[in-house]
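Only a predicted model underlies this, so the values are computations on that prediction, with no experimental measurement involved.
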Amino acid sequence: SRVREDIEQIELPPGYSLEWGGEHEDSSQARAALARPLPAVLALMVFIVICLFNSLRTTLLIRLIMPLSIIGVTTGLLLTGAPFGFMALLGVLALGGELIKNQIVVLSKIITEIDKGKPPYQAILDGGTSKVRPVCMVIITTVLGMIPLLVDPFFGAMAVCIMFGLSFAAFLSLIVTPVLYAMFYDIQEPVTAPATGKRKGSK
């Protein structure tokens with residue numbers, strides 16, 4: 001990447017042309033092949049989430065949080081110096097599926113508690129805290145399983161994207177998702193009435 005622009009500016013004799021091959025060509029072809037079915041797959045994911053929650057608002061909530069996972073991915077790539085190549089792109093796509101799964105777990109618990117008659121604000125608190133252990137266990141086991149791939153020249157960038165992105169996804173799933181749910185559905189903390197009784201004092 002550092003020398004590409006200089007090389008392409010070299011004037012070639014008439015009848016000669018310059019093309020990039022090797023890893024660059026293979027990566028470009030792989031990305032093009034991956035991009036073709038991607039819109040249909042994303043539409044299918046949206047359809048499945050709509051069927052699960054029967055709510056466009058909840059589906060929009062999930063989709064809005066997904067791009068935030070790039071914060072974790074970018075941090076990991078900057079800290080490790082790994083390139084964002086084709087394998088890193090695969091890691092980001094896998095990360096999106098994991099983030100959606102964690103959000104579904106948390107939101108399903110919140111909605112279930114509300115359906116049972118629990119006040120919405122309390123349901124958000126209980127639903128989020130009750131899923132801390134299962135969500136964190138999935139993330140920890142996945143991150144630990146990716147550690148051996150960090151030194152691999154082929155899978156290293158993918159491991160970095162999954163490890164750092166999934167770690168940040170824990171914050172998104174357990175904190176940001178319940179907060180946005182409360183904002184989307186205008187759920188406020190109940191105001192407790194002040195005590196009216198008079199306290200006895202000594203003269």
Do any side-chain atoms of residues 127-135 form donor-acceptor pairs under 3.5 angstrom with protein atoms, and if so which ones, sequence neighbours left out?
| unit_1 | atom_1 | unit_2 | atom_2 | d |
| --- | --- | --- | --- | --- |
| Thr129 | OG1 | Leu125 | O | 2.8 |
| Thr129 | OG1 | Asp126 | O | 3.2 |
| Ser130 | OG | Asp126 | O | 2.9 |
| Ser130 | OG | Gly127 | O | 3.1 |

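- Counted within 6.0 Å of CG on Asn54, heavy atoms from surrounding residues, nucleotides or ligands total 12 or fewer; the atom is thus considered open.
- Across every non-hydrogen atom of Leu172 and Ser69, the tightest pair is CD1-N, 3.7 Å.
- In this structure, Ser55 and Val49 have side chains that are not in contact, with every pair of non-hydrogen atoms separated by 4.5 Å or more.
- Heavy atoms from other residues, nucleotides or ligands lying under 6.0 Å from CZ of Phe47 number 12 at most.
- A pairwise comparison of heavy atoms in Leu95 and Cys161 identifies CD2-O, 4.1 Å as the closest pair.
- Hydrophobic clustering, with ILVMFWY side chains joined whenever heavy atoms are under 4.5 angstrom apart, keeps Ile50 apart from Leu107.
- At most 12 heavy atoms of other shown residues, nucleotides or ligands fall within 6.0 angstrom of atom CD in Glu5.
- Between the side chains of Thr58 and Tyr181, not a single donor N or O lies within less than 3.5 Å of an accepting N or O.
- Using a 4.5 Å heavy-atom threshold, the side chains of Phe155 and Val160 count as separate.
- A pairwise comparison of heavy atoms in Met66 and Leu99 identifies CA-CD2, 3.7 Å as the closest pair.
- Closest heavy-atom contact between Val106 and Pro178: CG1-CG, 4.2 Å.
- Side-chain heavy atoms closer than 4.5 Å link hydrophobic residues (I, L, V, M, F, W, Y) into clusters, and following such links, even through other members, never connects Leu61 to Val46.
- Taken from CG in Leu18 to CD in Glu11, the straight-line distance is 13.5 Å, to the nearest 0.5 Å.
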